[in-house]
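Here is the structure we will look at.
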Amino acid sequence: MHWTPEHAQPLNQWPEQHLDVSSTTPSPAHKLELPPGGRQRCHYAWAHDDISALTASNLLKRYAEKYSGVLDSPYERPTLGGYGDAAFLNGAKGDPEPWPGPENPYPLASLHEGLPGTKSGSGGGSGGLGGSPVLAGNLPEPLYAGNACGGPSAAPEYAAGYGGGYLAPSYCSQTGAALPPPPPAALLQPPPPPGYGPSGPLYNYPAGGYAAQPGYATLPPPPAPPPAPYLTSGLAAPTPLPAPAPPRPAPASYGFQAAAAGAEAGVSLKRKAADEGAEGRYRKYVYEPAKAPAADGTSYPAADNGECRGNGFRSKPPGAAEEASGKYGSGVPLKVLGSPVYGPQLEPFEKFPERAPALAPRGGFTVPLGEPPKGVDPGALELVTSKMVDCGPPVQWADVAGQGALKAALEEELVWPLLRPPAYPGSPRPPRTVLLFGPRGAGKALLGRCLATQLGATLLRLRGATLAAPGASEGARLLQAAFAAARCRPPAVLLISELDALLPARDEGAAAAGVLQAPLLACLDGGCGAGADGVLVVGTTSRPSALDEATRRRFALRFYVTLPDGPARGQILQRALAQQGCALSERELAALVQGTQGFSGGELGQLCQQAAAGAGHPGLQRPLSYKDLEAALAKVGPRASPKDLDLFVEWDKMYGFGH
Ligand SMILES: Nc1ncnc2c1ncn2[C@@H]1O[C@H](COP(=O)(O)OP(=O)(O)OP(=O)(O)O)[C@@H](O)[C@H]1O
Ligand SMILES: [Mg+2]
């Protein structure tokens, strides 16, 4: 209770105010409403009780003696208003500072129920020292001082007991009509315990103060704290439980419990759970991050290893050995595919393994033999079968020097999807067409052969220039027959080199060649059986810019076959020279690799042939030397200019898939 101006009233009103504040008698209107303020306010309530019980009684006794002495003194009695006492004016217990109690003493009826004897006075004696504020307010005149009694002579009545008897004579003028009829004693207060009754000894308080406080033990369990204070901002309210939670047991100490509830209102849930342990009642509100996916895959299958690109495919493998884990589900071991270790660590050509026979057809690329489509000339079909089927040795990945990234991309995006059986009905269909573009002699056809080997497919080779040579009609007939032959021999790879020769040149305007574009597009669309399962069409061109959009779109994959880099050139040279019995030193080989920058694989082969031709080999019975190769370098050079290479790069950026 803080100091307010209305407290500065004459001293003759202090008992009334004091009684109002420090009443130990509960009013019927008092309710148990413990504010969530908690511990501190409850502490003030205890302090208030101290005033009413101990201090107030002592002070009343002391000042009653004083007043009686004043009244009995022969000199003029001073006015009570001039009997200033800051402590009393403030309503504090002799403390010059304002009482720091609550502004409005909230009714704590039950707290005062433990102080019996204050209401057990007879008749209207219930308005004794511990009288109810309601009763005090009903008094028509100020209490104690200035009343009709002319001043109390309270000292003799102290012996009447604390139960209101000792003040009863002071209110002698308070008739019973002025007071409301007293309620039944049984309703007001339970019988006082021994020692606190009217017949009990005066001031028979326990030595331990108010430790007994029987009212505390009889307090009903506090209401369950609202859930909102236990939710930190930003946390969604928990889902209401289907059944109401069982009431919490009455705490052993209500004061502590109330204080704890209020004090914990602003504590984070995590902190609360940590304080209360794993079995804490707030455990369900603890916000915890989602658990890691289960190892058995029953949980989220998201992989956080950085390999997932978001579409189910991992990033390109740094090495073939890492791809043996069956990325496409079927788990085809890489050993079966026979992929080499890509990159500069490629074994020298002379150490290449012996070419293995063609792998048997397997996986989803295996389909039963098909029937020749109707409308196909049987003669042309027989011609294609006998002349265009490549019966050369198989080509493994290791036979292609360099091109590590390209080989990995082809294997990942073409070979394995074709070999993998469809995961489920309606799964994406693997690509059936691929375009390899790059400088002449870069190894496009070599890669096409390698694809056929990896797929275990029959290889049918066509050259655009050969198809266009005999004329449009004959070329179209051969083209349709080639697609039909591939359809009849699944799995098959139809390799069409110099694809640009079948298309109308922009600058040349070859009418005959341009006529073959329509049958080509029709066959690529499946009209010739090319779209059937078990047929892969590989088109190659060194003039990708000659392809119009219609033709370009027919190829699902488009890869740039670059010129071999230094290590790849060294490998190609070593192999080519080894076939001619030439063994260069490392220094000579390095110089030759340096001098053949910009050469394609085909041009490197031509260089070796030129060197042999210049040396008179094989007529000359001596091995090739470095000088022979130097002489050949003067006659054989790269055909692709830097400008051409830039065009490839640009086209790859626009239409290629990169790798
Ligand atoms: N990376 C390579 N490794 C080994 N040999 C290669 C490589 N690149 C090219 N060659 C060899 O060069 C020669 C020409 O290769 P290929 O015919 O595949 O080139 P191309 O790109 O198809 O040429 P073109 O555009 O003229 O058809 C072949 O003998 C091939 O063995
Ligand atoms: Mg070729």
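We count ligands from 1, going down the list as the structure has it; atoms in each ligand are counted the same way.
Checked by atom type and distance alone, the side chain of Arg449 never pairs as donor or acceptor with a backbone atom of Ala445 at under 3.5 Å. No donor-acceptor pair closer than 3.5 Å links the side chain of Arg552 to the backbone N or O of Tyr655. Side-chain N or O atoms of Thr458 include none that pairs as donor or acceptor with a backbone N or O of Ala492 at under 3.5 Å. Between the side chain of Arg558 and the backbone N or O of Leu435, no donor-acceptor pair lies under 3.5 Å.
Below 3.5 Å of separation, one finds an N or O of Gly602 facing an N or O of ligand 1. Between Ser542 and ligand 1, no pair of N/O atoms sits closer than 3.5 Å.
Of the heavy atoms in Leu446, both backbone and side-chain atoms come closer than 4.0 Å to ligand 1. Contacts between Ser497 and ligand 1 below 4.0 angstrom, taking non-hydrogen atoms only, are absent altogether.
In this structure, Glu474 places its CD atom where more than 12 heavy-atom neighbours from other residues, nucleotides or ligands lie under 6.0 Å away.
Residue contact annotation: Ala568 has no non-hydrogen atom under 4.0 Å from ligand 1. Using a non-hydrogen distance threshold of 4.0 Å, Ile572 registers as a contact of ligand 1. Under a 4.0 angstrom heavy-atom cut-off, Ala442 registers as being in contact with ligand 1. Residue contacts with ligand 1 include Asp399, since one of its heavy atoms falls under 4.0 Å from the ligand.
With rounding to the nearest 0.5 Å, the separation of CG in Leu478 from CD in Gln480 is 9.5 Å.
The pair Glu498-Arg440 meets the salt-bridge criterion, since a charged nitrogen lies less than 4.0 angstrom from a carboxylate oxygen.
Heavy-atom contacts of Ala445 reach the following atoms of ligand 1: 17 (O), 18 (O), 22 (O) (cutoff under 4.0 Å).
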